[in-house]
Novice: 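One structure, pasted below without further comment.
So that the names make sense, note that chain A is the first sequence line, chain B the second, and so on, each numbered from 1. Atoms considered below: every heavy atom in the structure, side chains included; atoms not considered: hydrogens, waters and symmetry mates.
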Amino acid sequence: MTLTLYNTLTRRKEPFEPLEAGKVKMYYCGVTVYDHCHVGHARACIVWDVVRRYLAWRGYEVRYVQNFTDIDDKILNRARAEGSSMAAVSERFIQAYFEDMARLNVMEADEYPRATHTLDGIKRLVHELEQKGYAYPANGDVYYAVHSFAGYGKLSGRKLEDMQAGASGRVDAADLDAPKKRDPSDFALWKAAKPGEPAWESPWGSGRPGWHIECSAMVRDRLGDTIDIHAGGNDLIFPHHENEIAQSEASTGQPLSRYWMHNGMVTVNGEKMSKSLGNFTTIRDLLDRDGANPMAVRLFILQATYRRPLDFTTEAIASAHKSWDTMRDGLLFGYKHGQQLGYSDVDDSSFGNPEYMRMPEDSKAVRRFRESMDDDINTPGALTVLFELAKDLQKESNRLTHDGKTLADPQTLRSQWQTLVVLAQILGLAASPDVGAQRAAPLQEAEIAALIQQRAVAKQAKNWAEGDRIRDQLKAKGISLIDKPGGITDWIRESG
RNA sequence: GGCGGCAUCGCCAAGUGGUAAGGCAGAGGUCUGCAAAACCUCCACCCCCAGUUCGAAUCUGGGUGCCGCCUCCA
């Protein structure tokens, strides 16, 4: 069974073989920190988080690097507007990023390089490109001569002639640097300092790096000349990743990355979610203002294959919440019924922790999960397996609650539960029991019995409204009533 | 205009030559207000046209529609 990944470079799924057996070097082009992250960013972060988790589960030693772009016009603009500094703005949003991602259960990267911390590497790279004839200085700027790199366009499938023919009018009009460029498609590696903007000294004078060179430098700095997986949004294919290839490969003579992976965009009413369109929802608004459950957000994102567009709607989020209810019931099965089913280790601190769990590796569920994930990280297919396990456990849980017995034996159930917990963990889905759920003054059994008696009287008189009122009242206190044949009413305390 | 992608049930979404997974929502029944639970049953000829094939959602050609990139963007 081999893992296959879709490679943007070749436009097909390929068997995954890292440069060095057993080890994976992965780089994700992270965010520019000038504002809070929105659902589109969440998708990218979650998708690559899952790829990374899966590779690790598959036995690879993964080194995962994600950058922060902290030198950028948008950050500067924001700093100006706030009367603060570029450093202060980016620092603030980097912290916000970490808070958001922690809530979404996105694992931390092994390293988070920043452009401002990589200036030496950037300057070295620009210098090298200049020495090798791929770059030229112009009035304090340095540009990359796109025509000097034979492979230019290989990632995005573009030809230089086509691009100029199609876009020349617009580019020339909008590009203030056009007069300094030898060719309209050339791009800046270094920009001369402008008054009042942060700048760094360099052989070309005071200035700051262009966007594309940052990533080339950070990749090389942290992971070396050739990495295994370079990931990012598909809106970065051109020009960003194309330019990265041109810079890195011209300089090292080695392939920059063996696999290029790109996630699809989150859309709103079919249009890309973006700052410029103003149709975005930030992660914190979704979580705080709209009260979305982070795990439901993860489900919403993972129920689509990562390369396709994903439309963000309130209905889709609501549906994801319902799905999560089922999944959560399954994930909590062992906590809820372990005692009753006689699991001897329920009180151990490791109970329920996927890291300590053994699951039957050759079970049908694991096999199907693996087949889906091996097929270019097919998370919707993988989720199918989880839902089947979770649904089954949910039913058994209900049987246990309502009838006091299950269909399957405790050990089979335990095995199913553990399989679910372990596989869910690979997708970053986890539920923990509400320890000490805050519930005001739990009702005494006598009070409950009294209310049930009142309700029985009301029901006898066919006063359904009163009966329902009492049931709702109890429900609000976490007590669910179950009417059984013969006028008997049982009750259970919801575990929350 | 160039390059790329997508079109499968009310909604989301798998499936890449052998007769349509799953989630959400829905209908009927065992059940006797409503609710809860279980069990059973039902719920798609896969955008259109033509072709290849014993056989196509799956391959080929041609349409139609939608989206992304070509400017900062996950």
Novice: Kindly say if R11(A) contacts the phosphate of C3(B), meaning a side-chain N or O under 4.0 Å from OP1 or OP2.
Specialist: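 For C3(B), neither OP1 nor OP2 has a side-chain N or O of R11(A) closer than 4.0 Å.
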Novice: Quick one: is A38(B) close enough that its OP1 or OP2 comes under 4.0 Å of any side-chain N or O from N398(A)?
Specialist: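 So the side-chain polar atoms of N398(A) do come within 4.0 Å of the phosphate oxygens OP1 or OP2 of A38(B), strictly under.
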Novice: Just to confirm, is there a sub-4.0 Å distance from OP1 or OP2 of G1(B) to any side-chain nitrogen or oxygen of K159(A)?
Specialist: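 False: K159(A) side-chain N/O out of range (4.0 Å or more) of G1(B) OP1/OP2.
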Novice: Within less than 4.0 Å of OP1 or OP2 of A14(B), is there a side-chain N or O belonging to R308(A)?
Specialist: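 R308(A) to A14(B) OP1/OP2: side-chain N or O found under 4.0 Å.
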Novice: Answer with yes or no whether the side chains of E396(A) and T406(A) bring together a donor and an acceptor at under 3.5 Å.
Specialist: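 No, no side-chain donor-acceptor contact under 3.5 Å.
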Novice: Does N234(A) get its side chain close enough to the base of G5(B), under 3.5 Å, for a donor-acceptor pair?
Specialist: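 Absent.
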Novice: Just do the ring-ring contact (aromatic ring centres under 6.0 Å, His included) check on Y259(A) and Y6(A) with the steps written out, would you?
Specialist: CA-CA 8 Å; Y259(A) 301 85; Y6(A) 182 86; over 10 Å; no
Novice: For the residue pair Y97(A) and Q66(A), confirm or rule out a side-chain donor-acceptor distance under 3.5 Å.
Specialist: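 Yes, Q66(A) and Y97(A) have a side-chain donor paired with an acceptor closer than 3.5 Å.
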Novice: Looking at A57(B), which nucleotide sits across from it as a Watson-Crick or G-U wobble partner, both distances under 3.5 angstrom, or is there none?
Specialist: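 Per the H-bond distance test, none.
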Novice: When you measure only distances, ignoring hydrogens and angles, does the side chain of D483(A) come within 3.5 Å of the base of C34(B) through a donor and an acceptor?
Specialist: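 Present.
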Novice: Report yes if at least one side-chain N or O of S323(A) is closer than 4.0 Å to OP1 or OP2 of C12(B); otherwise report no.
Specialist: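 For S323(A), the contact criterion (side-chain N or O under 4.0 Å from OP1 or OP2 of C12(B)) is not met.
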Novice: Would you please confirm or rule out a distance under 4.0 Å between OP1 or OP2 of G22(B) and any side-chain N or O of R368(A)?
Specialist: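 Answer no for this pair, as no side-chain N or O of R368(A) is under 4.0 Å from OP1 or OP2.
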Novice: Check this one for me: any side-chain N or O of N378(A) less than 4.0 Å away from OP1 or OP2 of G15(B)?
Specialist: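 N378(A) to G15(B) OP1/OP2: side-chain N or O found under 4.0 Å.
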Novice: Do the charged groups of E466(A) and R455(A) touch, with an N to O distance under 4.0 Å?
Specialist: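 The answer is no: the pair does not qualify as a salt bridge.
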Novice: Ignoring backbone atoms, test whether K475(A) places a side-chain nitrogen or oxygen under 4.0 Å from the OP1 or OP2 oxygen of A36(B).
Specialist: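 For A36(B), neither OP1 nor OP2 has a side-chain N or O of K475(A) closer than 4.0 Å.
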